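To start, the structure under review is shown below, and the notes come after it.
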Amino acid sequence: QVQLVESGGGLVQPGGSLRLSCETSGFTMDYYAIGWFRQAPGKEREGVACSTRENTSPKYVDSVNGRFTISRDNTKNTVYLQMNGLKPEDTALYYCAAYRVFFSQCVLGISAYDYWGQGIQVTVSS
């Protein structure tokens, strides 16, 4: 049974940092791209970052480039999203997701992803 479980969310002040974790099970993570998505109230879900096995060509949405870093530990079946310099507009429900990948690059399109976690709240507020 495929599962993705997010952890590490919470409340943080503007300028602060959080690290989200996505623990996967039920599939061989080596062969899957893992992405992070977020959805703020009243807005559509958007792709934030994604990574393939080698993590050589991660992708980021422009609004987080330079502040967020995606990494993965295939031995622990876990993907991380390090978020620095958090802003109030980063407040959202964050999801990790996965799809079987055949190329070295991942995509941030929602429709590509087959498996999703339940999401975890990140709130940036003073």
Side-chain angles (χ1 to χ4, degrees):
Q1 181 181 359
V2 173
Q3 282 192 316
L4 297 94
V5 180
E6 303 93 341
S7 62
L11 172 65
V12 64
Q13 292 188 344
S17 298
L18 281 176
R19 188 177 81 157
L20 302 183
S21 299
C22 173
E23 185 173 352
T24 71
S25 60
F27 63 96
T28 304
M29 206 177 75
D30 288 7
Y31 304 121
Y32 282 74
I34 307 294
W36 285 98
F37 296 78
R38 66 185 180 186
Q39 187 166 18
K43 295 189 176 181
E44 293 188 352
R45 192 173 299 188
E46 66 168 348
V48 174
C50 67
S51 166
T52 56
R53 179 179 183 271
E54 298 85 2
N55 204 35
T56 53
S57 300
K59 287 187 177 178
Y60 300 93
V61 68
D62 287 346
S63 59
V64 308
N65 211 1
R67 299 189 296 122
F68 290 11
T69 303
I70 188 170
S71 62
R72 55 196 285 161
D73 186 338
N74 291 328
T75 64
K76 295 182 179 180
N77 295 321
T78 301
V79 176
Y80 306 97
L81 185 68
Q82 178 67 43
M83 305 186 295
N84 299 328
L86 282 161
K87 304 175 181 180
E89 51 263 43
D90 294 318
T91 295
L93 195 58
Y94 282 72
Y95 301 86
C96 63
Y99 73 97
R100 182 72 164 88
V101 65
F102 299 95
F103 305 100
S104 61
Q105 290 193 341
C106 56
V107 297
L108 288 175
I110 293 172
S111 60
Y113 290 78
D114 299 312
Y115 306 108
W116 291 82
Q118 292 298 308
I120 193 163
Q121 182 66 38
V122 170
T123 302
V124 185
S125 174
S126 55

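Note that the structure is predicted; figures quoted are calculated from it, not measured. Numbers for residues simply follow the sequence, beginning at 1.
- Both Leu4 and Ile70 are members of a single hydrophobic cluster when ILVMFWY side chains are connected at heavy-atom separations under 4.5 Å.
- Residues in residues 56-67 take part in these salt bridge (charged side-chain N to carboxylate O under 4.0 Å, His left out) pairs, two or more places apart or across chains: Arg67-Asp90.
- Here the closest non-hydrogen pair linking Gln39 and Lys43 is NE2-O, 3.1 Å.
- Under the rule for a ring-ring contact (aromatic ring centres under 6.0 Å, His included), Tyr60 has no partner lying at least two apart in sequence or in another chain.
- Counting only heavy atoms from C-beta outward, the side chains of Asn74 and Arg72 approach each other to under 4.5 Å.
- Residues satisfying the salt bridge (Lys or Arg N to Asp or Glu O under 4.0 Å) test with Asp73, not counting sequence neighbours, are none.
- For the pair Tyr94 and Glu6, the minimum side-chain heavy-atom distance is 4.5 Å or more.
- Sequence neighbours left out, the pairs with a member in residues 46-83 that pass disulfide bond (SG atoms under 2.5 Å apart) are Cys50-Cys106.
- Side-chain atoms of Phe68 and Leu86, non-hydrogen and from C-beta on, do get closer than 4.5 Å to each other.
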Would you list the atom pairs, donor with acceptor, under 3.5 Å between side chains in residues 16-23 and any protein atom, with sequence neighbours excluded?
unit_1, atom_1, unit_2, atom_2, d
Ser17, OG, Asn84, OD1, 2.9

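- Note: Phe27 CZ to Gln3 CD = 10.5 Å, rounded to the nearest 0.5 Å.
- Residue Glu89 places its CD atom among more than 12 non-hydrogen atoms of other residues, nucleotides or ligands, all under 6.0 Å distant.
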Donor-acceptor pairs under 3.5 angstrom involving side-chain atoms of residues 108-126: please list them, not counting sequence neighbours.
unit_1, atom_1, unit_2, atom_2, d
Tyr113, OH, Val107, O, 2.6
Gln121, NE2, Ala92, O, 3.4
Gln121, NE2, Thr123, OG1, 3.4

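- Hydrophobic clustering of Ile, Leu, Val, Met, Phe, Trp and Tyr side chains at less than 4.5 Å, counting indirect connections, unites Met29 with Leu81.
- Hydrophobic cluster membership differs between Val5 and Val2, with clusters built from Ile, Leu, Val, Met, Phe, Trp and Tyr side chains linked at under 4.5 angstrom.
- Put simply, Ile34 and Tyr80 are part of two different groups of oily side chains (I, L, V, M, F, W, Y) that touch within less than 4.5 Å, one to the next.
- No chain of hydrophobic side-chain contacts below 4.5 Å, direct or via other Ile, Leu, Val, Met, Phe, Trp or Tyr residues, connects Val79 to Val101.
- For the pair Ser71/Ser51, no side-chain contact is recorded, criterion being any heavy-atom separation below 4.5 Å from C-beta on.
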